[in-house]
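First the structure, in the form of structure tokens, and then the observations on it.
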Amino acid sequence: MAQSNPAQSNPAKMVRVRLDIAYDGTDFHGWATQDGLRTVAGVLEEKLSLVCRHPATLVVAGRTDAGVHADGQVAHVDLPAETFTQRSLTAPEDLVRRLARMLPPDIRLHGASAAPEGFDARFSALRRHYVYRVTTFAPGPRPVRARDTARWRHPVDLDKVQLASDALVGLNDFAAFCKAREGATTIRELQQFHWVDVSTPSEPQTYEAHVTADAFCWSMVRSLVGAVLTVGEGKRDTGFTAELLEEDRRSSLVPVAPAEGLNLVRVDYPADADLLARAHTTRAMRDTSELGK
């Protein structure tokens, strides 16, 4: 069956396009567009606007900080249906081929499609999955992994690290781990915080944290990692992280782990029929009544 052209059914309507994106965040000042700075959104919006002949503004599943990477970032953009009446741009899928010629090597658009009704890259998301990669090996990571593997200066006991991580799993107020943002909640459901020893003979003392939540606040993942690694190195006792959940503001005792170890690997969405309902639920502001306190 021939693929339908989104412009043919209603030339006046806007088409929401889902974009699946990967990038090496080393040389970017984060995701969000900032005047005078090289950012992931800034580069993508510039190239999309050129190709589509229309201003492009992206909405993203999770804004990443400077130096943070993504293998599985998701964004959406609303474009006039007439965008896809060009000779070389007849459907959203054509954006992958067109952008491949224009994007720098540290950004890749590996998927583009007409989004289902109700889809919102940010608010429809069920959960985000991150992997944090770190080595405590004194010489540091292998040179070929230096851009995606953080260095932690002290050896850690991975069993203690895992115990400190387990104490954080669940629906909690993570204020101690988040940089404050006016009007934003710090209540999140941390669904997974699991550590794996990925050491090899050429990469000893190398570990990965697999971290999943319904959403994360600003710098939360790196703060979670920093807190549990301080327990693992013996600087704090194993009850440290549980005690932090009682705090109502950012704690000065929580170090922020280096950005280069963090990678957004996947964003999960519900079935198409549930996308709009999920977006409505996510927009509702959480409060401490959900915690039963």
Side-chain angles (χ1 to χ4, degrees), residues 65 67-69 71-72 127-142 144-179 186-247 250-266 268 291-292:
D65 294 335
V68 175
H69 318 295
D71 284 327
R127 62 189 68 86
R128 286 88 171 162
H129 302 266
Y130 283 88
V131 171
Y132 191 91
R133 196 169 194 276
V134 61
T135 182
T136 61
F137 188 46
R142 293 168 57 209
V144 296
R145 300 303 301 260
R147 291 168 74 95
D148 76 343
T149 305
R151 177 183 294 189
W152 194 260
R153 298 288 182 180
H154 304 283
V156 298
D157 180 329
L158 202 60
D159 289 335
K160 290 183 177 180
V161 171
Q162 188 61 64
L163 283 172
S165 302
D166 291 342
L168 297 169
V169 174
L171 183 65
N172 295 298
D173 188 344
F174 289 95
F177 302 89
C178 298
K179 293 183 179 179
T186 51
I187 297 172
R188 298 289 189 269
E189 184 185 6
L190 184 62
Q191 299 168 354
Q192 178 184 226
F193 194 2
H194 178 65
W195 286 84
V196 180
D197 187 337
V198 295
S199 302
T200 65
S202 61
E203 293 184 293
Q205 297 170 225
T206 301
Y207 314 106
E208 287 183 354
H210 295 251
V211 191
T212 301
D214 56 351
F216 293 93
C217 48
W218 192 9
S219 293
M220 178 175 161
V221 182
R222 291 163 58 200
S223 297
L224 292 172
V225 169
V228 300
L229 287 177
T230 61
V231 173
E233 70 180 45
K235 189 175 181 180
R236 305 289 179 191
D237 63 39
T238 53
F240 174 60
T241 52
E243 293 168 2
L244 287 169
L245 293 176
E246 302 301 319
E247 301 290 333
R250 171 76 188 178
S251 172
S252 61
L253 300 178
V254 176
V256 179
E260 61 267 26
L262 188 57
N263 185 359
L264 173 60
V265 295
R266 194 171 85 244
D268 294 341
L291 304 178

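Predicted, not measured: the structure shown is a model, and the values here were computed from it.
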Under the side-chain hydrogen bond (donor to acceptor under 3.5 Å, both in side chains) test, which residues partner Asp268, sequence neighbours left out?
Arg127, His129, Arg266
side-chain hydrogen bond (donor to acceptor under 3.5 Å, both in side chains) involving Gln192 - partner list, sequence neighbours excluded
Thr212
Ser251: what forms a side-chain hydrogen bond (donor to acceptor under 3.5 Å, both in side chains) with it, not counting sequence neighbours?
none
Pairing residues for Glu203 by the side chain to side chain contact (heavy atoms under 4.5 Å, CB included) criterion, not counting sequence neighbours
Arg133, Arg142, Arg145, Thr200, Thr206
Is the side chain of Asp157 donor-acceptor paired with the backbone N or O of Asp159 at a distance under 3.5 Å, no angle test?
yes
Per the salt bridge (Lys or Arg N to Asp or Glu O under 4.0 Å) rule, what does the pair list look like for residues 218-241, sequence neighbours excluded?
Asp65-Arg222
Between Lys160 and Val231, what is the shortest heavy-atom contact and its length?
O-CG1, 3.9 Å
Under the criterion side chain to side chain contact (heavy atoms under 4.5 Å, CB included), I'd like the reasoning laid out for Phe216 against Tyr130: C-alpha separation, chi angles, the key distance, then a yes or no.
CA-CA 10 Å; Phe216 293 93; Tyr130 283 88; 3.6 Å; yes
Counting only N and O atoms by type, is there a donor-acceptor contact under 3.5 Å from the side chain of His154 to the main-chain atoms of Thr136?
no
Do you know the tightest heavy-atom contact between Glu260 and Ala150?
CG-CA, 3.9 Å
Heavy-atom pair with the smallest gap, counting every atom of Glu189 and Asp214
N-OD1, 3.0 Å
Would you say Gln162's side chain and Phe193's backbone share a donor-acceptor pair under 3.5 angstrom?
yes
Tell me, do Leu190 and Leu224 make a side-chain contact under 4.5 Å, heavy atoms counted?
yes
Please name the pair of heavy atoms, one in Pro204 and one in Ser199, separated by the smallest distance, quoted to 0.1 Å.
C-OG, 3.8 Å
Checking Thr230 against Trp152 for the side chain to side chain contact (heavy atoms under 4.5 Å, CB included) test, could you report, in this order, the C-alpha distance in whole Å, the side-chain angles of both residues, the deciding distance, and whether it holds?
CA-CA 10 Å; Thr230 61; Trp152 194 260; 4.1 Å; yes
Which heavy atom in Arg151 sits nearest to a heavy atom in Val134, and how many Å separate them?
C-CG2, 4.4 Å
Applying side chain to side chain contact (heavy atoms under 4.5 Å, CB included) to Phe174 and Ile187, what does each step give before you reach the verdict?
CA-CA 6 Å; Phe174 289 95; Ile187 297 172; over 6 Å; no
If you measure from CG on Leu264 to NE2 on His69, what distance do you get to the nearest 0.5 Å?
12.0 Å
How far does CZ of Arg128 sit from CD of Gln191, to the nearest 0.5 angstrom?
10.5 Å
Report yes or no: does Thr135 contribute a side-chain atom to a donor-acceptor pair with the main-chain N or O of Gln205 at less than 3.5 Å?
yes
Do you see a donor-acceptor pair shorter than 3.5 Å between the side chains of Ser219 and Arg250?
no
With rounding to the nearest 0.5 angstrom, report the CG to OG distance, Leu253 to Ser223.
12.0 Å
Those residues at least two apart in sequence (or on a different chain) that pass side chain to side chain contact (heavy atoms under 4.5 Å, CB included) with Ala227 are Phe177, Phe240, Thr241, Leu244, Val254
Which atom pair, heavy atoms only, marks the closest approach of Ala146 to Pro141?
CA-CG, 3.9 Å
Side chain to side chain contact (heavy atoms under 4.5 Å, CB included), that's the test. Do Trp195 and Val228 meet it? Break it down for me.
CA-CA 11 Å; Trp195 286 84; Val228 300; 3.7 Å; yes
Rounded to the nearest 0.5 Å, how far apart are CG of Leu163 and CG of Leu158?
10.0 Å
